[in-house]
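Here's the structure we're looking at; comments come further down.
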Amino acid sequence: EVQLQASGGGLVQAGTSLRLSCAASGFTFEHYAIGWFRQAPGKEREGVSCYGSSDGNTYYADSVKGRFTMSSDNAKNTVYLQMNSLKPEDTAVYYCAADTLGYSSSHYYCRNGMDYWGKGTQVTVSS
C-alpha cells in the first residue's frame, strides 16, 4: 500500500524559508513520479514541483522557479521541498503525491496529478 506523509508546514514570515518532507512507503524509487502540489482557498490545485523517472527531469511551476527546490533521499524514501524567499501568495495546503508507474513526463504529472496522495501540510506566509 502506497503511503505518503507530508510534514514541515507552519507559519512563517515573508522572505524566510521552510522545508517540507514527504516520507514515502509502499513503492521503490525506480519507475515512479513524485511531486508537490498546493491548493489555496478558492483556488485550483497547482502542481508546484514534480519529478518523473521517465524523463529524469524536475518540473517547477513558474510561480516558484528559482525559489523552491525539490530533492530526495532515496535511502530514506523521502522527498523534500526547500522553499526559500517565501511570499504570502505561497500560502496553501501542500500535498505530496506519487505515481508508481512513472511513464509520463514531469510536466505532465504536475499538470494532471498523480495516483496517490498524502494528507496535506499547511504553509502560511505572513507579510
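In this chain, residues are counted from 1 in sequence order.
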side-chain hydrogen bond (donor to acceptor under 3.5 Å, both in side chains) partners of [X], counting only residues at least two apart:
| X | value |
| --- | --- |
| S17 | N84 |
| R67 | D90 |
| D55 | S106 |

Can you name the nearest heavy-atom pair linking [X] to [Y], along with the distance?
| X | Y | result |
| --- | --- | --- |
| R38 | S63 | NH2-OG, 3.3 Å |
| G102 | D99 | N-OD1, 3.0 Å |
| I34 | M70 | O-CE, 3.7 Å |
| A92 | A40 | CB-N, 3.8 Å |
| S49 | T58 | OG-CG2, 3.5 Å |
| S127 | A14 | CA-CB, 4.3 Å |

Run H31 and L101 through side-chain contact (heavy atoms from CB on, under 4.5 Å) and show every step you take. CA-CA 6 Å; H31 301 291; L101 295 179; over 6 Å; no
Counting only N and O atoms by type, is there a donor-acceptor contact under 3.5 Å from the side chain of S72 to the main-chain atoms of T78?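 Absent.
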Apart from M114 itself, which Ile, Leu, Val, Met, Phe, Trp or Tyr residues share its cluster (side-chain heavy atoms under 4.5 Å, direct or through members)?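 Traced through the cluster, M114 reaches F37, V93, Y95, Y108, Y109, W117.
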Take L86 and L18 through the side-chain contact (heavy atoms from CB on, under 4.5 Å) test and state the conclusion after the steps. CA-CA 8 Å; L86 283 162; L18 205 58; 3.8 Å; yes
Please indicate whether Q5 has more than 12 foreign heavy atoms, meaning atoms of other residues, nucleotides or ligands, lying under 6.0 Å from its CD.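 Not buried by this count: 12 neighbours or fewer within 6.0 Å.
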Could you please spell out the steps behind the side-chain hydrogen bond (donor to acceptor under 3.5 Å, both in side chains) verdict for T91 and E89? CA-CA 5 Å; T91 295; E89 50 265 42; over 6 Å; no
Using the disulfide (SG to SG under 2.5 Å) rule, collect all pairs that involve residues 91-126, keeping only residues at least two apart or in two chains.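 Qualifying pairs, neighbours excluded: C22-C96, C50-C110.
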Taking it one step at a time, do V12 and T124 satisfy side-chain contact (heavy atoms from CB on, under 4.5 Å)? CA-CA 6 Å; V12 297; T124 303; over 6 Å; no
Which ring-ring contact (aromatic ring centres under 6.0 Å, His included) pairs, counting each pair once, include a residue from residues 44-93, with sequence neighbours left out?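 Residue pairs passing ring-ring contact (aromatic ring centres under 6.0 Å, His included), neighbours aside: Y32-Y51, Y59-H107.
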